[in-house]
Each structure stands twice: as C-alpha cells, then as structure tokens.
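Working notes for the structure below.
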Amino acid sequence: MNAVKAPETWSSRSLGSRLQHGIFYRLIGLGGRKAAYALLFFVALGYMLKPEAVRRSAPYLRRRFPGAGFFGRLRRRWLLQWTFGKTLVDRAVAGISGNFEAGVSQEEIAVIHARHAEGKGLILLSAHVGPWQVAMSILPKYLPEPVSVVLHRDAGDIDRHYFEHTGEKPPFTLIDPALGPQSAIAMAQTLQGNGLLCMMGDRPFGGGHVCRVPFLGAEIAVPFTPYYLASHTGAPIVVFLSYRTGPGKVTTTIAGTIRVPPGLGKEAGAYAPFARCFTAMLEQSVAAAPYQFFNFYNMWET
Amino acid sequence: MNVKEKLKNALVEELKLEDVTPGDIKDDAPLFGEGLGLDSLDAIELVVLVQRNFGLTMQDQEEARKAFVSVNSLAAYIEKRLA
C-alpha cells in the first residue's frame, strides 16, 4: 500500500497535572464559570511563556501568522492559550452543570437529515476546532439515529471529557481507533446500520493510513480512513465544525459535503483529493477563527 | 459452493490478496495480523463484503468481534444467520 508514515508527535495528554485539573473542577463546582476563568487568566499567562507550551503552539502560529514580530507572536500565543483554556473550562462546566448553549440551526439539521435519508449512513467529519466535543454531544438530541464517535485517549490522560464529570454514559457510542481492525469494523457497522459516525479528519492516528495534503502552505499528513469508509459504504461526508462564541456558547456550522466514489482501492493517493477538500475547508475555518484551532504539535513535520 | 468456499473466493477477489489463492487460506487462521494478515482497511472491506455477498449486516459489535476472527468463525456466523 502506498500509505505515508505519519508523524506520531501529537498526544491527547494535557500538560497540566491531575491536581491542577482537580482545582479547576472544584472551583467550577464552588464558584462557577467566572471563578474558573479568573484562575485561568493566570494559568494561561503561564502557558504563554511555558517552553513546552510555546514549542507545541509555535508551528501552527508560524504558519497562520507568518512574519509576526516578537510582540505579535506573544499576543497570538496568549490569545490561543486563553481561548483554548476557556474552551476547556466551558467543556468542564458543560459536564459538571450541563450549562451550555448550542446553536444548531434548522438548516444544518435539515442538511444532516437530507444526507442521512440517502440510507448509507453518514460520516460527520470534524476537526480539533472550538468546543468540538460539546458540539458532538448535542447531535443525539436532534437525531433519532444512533451516533458513534471515534475518540482515543492516551494512557495516563487525566483531562476529563465533558461526559466523564457526571459518571453517566456518553450520549453516543465510543469507538477507540487504537483497537485497529476491531474499531474499523465498528465504524463500518455504524454506517451499514445507517448510523452517524463522527470522526476527526485533521490528526492521523498511529503510523499508517494517511495521505499528504497541503494545509497553510505546506503538506500535512491526515487520515484517509474517512474517505475510504465513504468509498466503500457509499456514505456521504458532512464536514461539521464548531466554534465558541461566548462563555458556554457554541455554534456549529456545516462547511460542506464531500462525496467519494466507489472503487478507489487502498492507495493513499486516491483519497488525497477528498482530504484536500477537507483541509481547504479547514483553512477557511482557521482564517475566520484563528484561535480556535487546537492542534498543539507540528503537523508539518515530515 | 459452500459458505466457506464462497467466503474464501470473495476474500481473494474483493480484497485483491496478492499471491494467495482460496485454497491457501486456512479455515482457522486469524484474519488479522498473523495469519491472513489483513489490516483495518481490509476490515472495513470485509464488513461490506459480507453484506454484498451474503446480504447480511452485523449490528452487534460483540457479535462482530467474535465472527471476524477466522474463516471458520465468520462462516459459522453467516450460516447461522442464513439458516
């Protein structure tokens, strides 16, 4: 197979300690969102200067804001860390108190229903943009069909997903891509049962099944599994992105639909044009909301 | 042609297995990793293959986990569903 080896440099592990996360969760319980934001202000300041955080955010910021001077870089680093922190606080608040507002328009729901009515299942392709987890949690409220979400956690990851705060089962079925063929079967089963499969298109998982496509001026490795699934099952792909619009406020947008023809085989290159459609939508997203793109690793590393 | 033979033929033809004939596939060899050496992309194709050739969809993940182990287990599952 002509798959390109993916850089294995991203991790779902937080830079913060268990204690730091615990303090935030307790603070949210005691003083709510505003109290957590107040503490976050100082934490985000620290992350703006923390060498590991600087190293992780630099590749994206350099690409998104080429030519920025020292103070420009500092300001952008602050805005990225501050926005990321507020998104995480909002996620925890959503999990602890259920307090968030989601703006899913009737037009978006109508598009999802129309694509789903084709009867081939539906792939909702998203990215690590904005409060994507909270956004996905609202989908089952609008859709009667079963929803599965492809989600991996690294061993030792202490940051909680919003649904882990209550101890309740998530409102969707989780599929861990680390399970290899077993997870691939579960994904195909979801679509065969005309279900909705939510997955991320911007980060490769593991070492294979990626293709290289341009993003912000140079190539990155992205998974081609969503397009492979679409080709083999006939499922349309709806690119679904979410943004934080205020404290506890989420808005979603459908960036477009990608249709992949059948019979493309296993060659990575066959899926690159469709992956390119996705990264083009992602480029529009980071142009409009540059501080809501949360990939803290060097995507352009070969 | 029985289910196992049909399954082996479909595996070779539809997964485009190189240098493998249906007769080379052992009934009890693992489909993934050691054995037939299929990967996660093949797993997706396999789910589609079962539907296309036998008209079966598998909704239960635990059931699928047990069926997609070897030709033996998959054929047994198909025969049971078709009975």
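Just so we're on the same page: letters track the sequence lines, and every chain starts at 1.
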* Asked: Does the side chain of A/Glu108 come under 3.5 Å of the side chain of A/Thr252 through a donor N or O and an acceptor N or O?
  -> yes
* **Atom CD of B/Glu34: over 12 foreign heavy atoms under 6.0 Å** => no
* About how many Å separate CG of B/Asp24 and CG of B/Leu17, when rounded to the nearest 0.5 Å? -> 10.0 Å
* Asked: Would B/Lys6 count as a cation-pi partner of B/Phe54, with NZ or CZ less than 6.0 Å from the six-membered ring centre and within 45° of the ring normal?
  -> yes
* Structure fact -> From the list B/Val48, B/Ile44, B/Thr57, the residue making the most non-hydrogen contacts under 4.5 Å with chain A is B/Ile44
* Which of B/Leu38, B/Leu46, B/Asp42 touches chain A most, by non-hydrogen pairs under 4.5 Å -> B/Asp42
* Interface moiety of A/Gln192 toward chain B, non-hydrogen atoms closer than 4.5 Å -> both
* Structure fact -> Under 4.5 Å to a heavy atom of chain B? For A/Ser231 that would be neither
